[in-house]
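Bear in mind that the values here come from a model prediction, so they are computed numbers and not experimental data. All chains are named by letter (A, B, ...) in the order of the sequence lines, taking the proteins before the strands, and each is independently numbered beginning at 1.
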Protein chains: 2
Amino acid sequence: MTERASASPYLTIKNDLLSQIRSGQLRPGDAVPHEETIAQQYGVARATVHRAMRELAEEGFVERKRRAGTRVAAVGGRTTKVDIALVRDEIERTGAPYRFKILTRNVLVEDDFAQRILRVSSKQPVLYLEILHYAGDQPYQLEERWINLDVVPSAETQPFDATNPNEWLIATMPYAEAEHKFSAQNATANQAKALALAEGDALFVIERRTALDAKMITYVRMLHPGQTYAMAATNFSLSTKN
Amino acid sequence: MTERASASPYLTIKNDLLSQIRSGQLRPGDAVPHEETIAQQYGVARATVHRAMRELAEEGFVERKRRAGTRVAAVGGRTTKVDIALVRDEIERTGAPYRFKILTRNVLVEDDFAQRILRVSSKQPVLYLEILHYAGDQPYQLEERWINLDVVPSAETQPFDATNPNEWLIATMPYAEAEHKFSAQNATANQAKALALAEGDALFVIERRTALDAKMITYVRMLHPGQTYAMAATNFSLSTKN
DNA sequence: TTTAATTTGTACGTATGTATT
DNA sequence: CAATACATACGTACAAATTAA
């Protein structure tokens, strides 16, 4: 009930192999026939088979080695993809109106934590912000953000009234590299108050460090009520489209 | 300071474009030259350029439409990859010896929650397990697992003494499809006791539903102390190897 | 509405490079 | 050192989608 309409030959081959792997006809460790062999079976060029196999390898289903050939991968852990959407999109997708409020805003100099996390020297100023994002009247996310003013000096005078800091930063430095971490924390008194929770309630925390050219741009903690928030991982699956 | 040793032409092109996007020479919405144009610039075949562009599109950096051409993607949210390793691997990687203990084991019939979560009818039995995974003497993960005995009847008589249920299931049904969810919860009294925490402490929870051919195989909750556990997301980045 | 032009998407067959046995 | 099987590349061809005339 899965594989239908396999338009292009390379997708047909890819899906056929995937079915065999899933159904257990091909078990982990088993050898997959050579590209040339498969090409002849299907009456296609080797390049076509190659593409199917390359994608299966990228998605972790098979392992390929020159001379040794292709084998079904030993399973082990799983890899999933996670989308970290813009808060605004996330909220608006639920139908609720989005708004945000800046709770705290100040420039830190000689602040130990800021210096360490943004890897700046003691003289360099860092902008610290606390922002609360609402879904309608419900607090949805509390954002704690540090911005390296050495790299983005214009942030210091930005009003952040129409556009929130995250979206402003993205517009300013679109393709910086990001690194994420997920964890769980008990809400501090302050955090609980902002999010309308009780102190100690579990928070789902996303941390992000953003850098460009080895220079840290910003570090942000996004805190969500653990009861209501859950992050779904889109599962690697059968190759439907392309 | 990133692109060096760009072996193959297609990687050279891919990295060059990526640098231009990151540096801001190409901004979101900007048009990228046609494959043919780039091919001539680099003196390569169009297929070579095509591969570079296709991968950039897969990774979300550009958007391509026939006839309309290729443009740098409007940024929006970010996508990261998350590895959910086997507990044993995760623990052994820290250097600590791994062991596990089955705390609870019973067969549920007519259990509302089990029926709903595994989508089974009221007559079908479900195996319920609570397993504690240790890193040395420290409890590392509390696992709550439901197994659909209709699909995997042999689980009922499995001793699970040498191999833990997760690894046994993977060996039995290697390439089932999985769906993950991450969240934060406060520890119940029982959970806290098992994990040597205080009641109410924040837990980082990974939930997984595994299915094969539209039949649910197992549902599992993996609970971790929020203080010590953190999940890192490997960031999509500059195309280094292949 | 139909038709043509453009640009990406896939495929073919061949050739050569490269890691591994 | 040779043989093997994957990895990349070339040039050409045609299909499919989309825009413009």
Atom-to-atom span, CD of A:Glu63 to P of D:dC6 - whole angstrom:
14 Å
Kindly say whether the aromatic ring centers of B:Phe182 and A:Phe204 come within a distance under 6.0 Å.
no
Can you say whether the rings of A:His224 and A:Tyr229 are parallel (under 30°), tilted (30 to 60°) or perpendicular (over 60°)?
parallel
Check each of B:Glu58, B:Glu35, B:Glu55 against B:Arg64 using the salt bridge (charged side-chain N to carboxylate O under 4.0 Å, His left out) test, and report the only one that passes.
B:Glu35
What's the spacing between B:Tyr98 OH and B:Asp89 CG if we round to 0.5 Å?
10.0 Å
Return the value, rounded to whole Å, for the distance between atom OH of B:Tyr10 and atom P of D:dG11.
19 Å
Mind checking whether B:Arg145 and B:Ile147 have side chains closer than 4.5 Å, heavy atoms only?
yes
Starting from P on D:dC6, measure out to CG on A:Leu56 and report it in whole angstrom.
13 Å
Taking the six-membered ring of B:Tyr134, is NZ or CZ of B:Arg99 closer than 6.0 Å to its centre and within 45° of its axis?
yes
For a 4.5 angstrom cut-off between non-hydrogen side-chain atoms, does B:Leu86 reach B:Ile170?
yes
Taking only side-chain nitrogens and oxygens of A:Arg64, does any of them come within less than 4.0 Å of OP1 or OP2 of D:dA7?
yes
Any side-chain heavy-atom pair from A:Asn148 and A:Lys215 closer than 4.5 angstrom?
no
Protein-nucleotide distance (A:Arg54, atom CZ; D:dC6, atom P), rounded to Å
14 Å
Between P of C:dA11 and CD of A:Glu55, the distance in whole Å:
10 Å
For DNA chain C, which residues of residues 31-50 of chain B approach it to below 4.0 angstrom with any heavy atom?
B:His34, B:Glu35, B:Arg46, B:His50
The correct set of residues in residues 65-72 of chain B placing a heavy atom under 4.0 Å from DNA chain D is B:Arg66, B:Arg67
Atom pair distance, as rounded to whole Å: NZ in A:Lys14 and P in C:dT10
11 Å
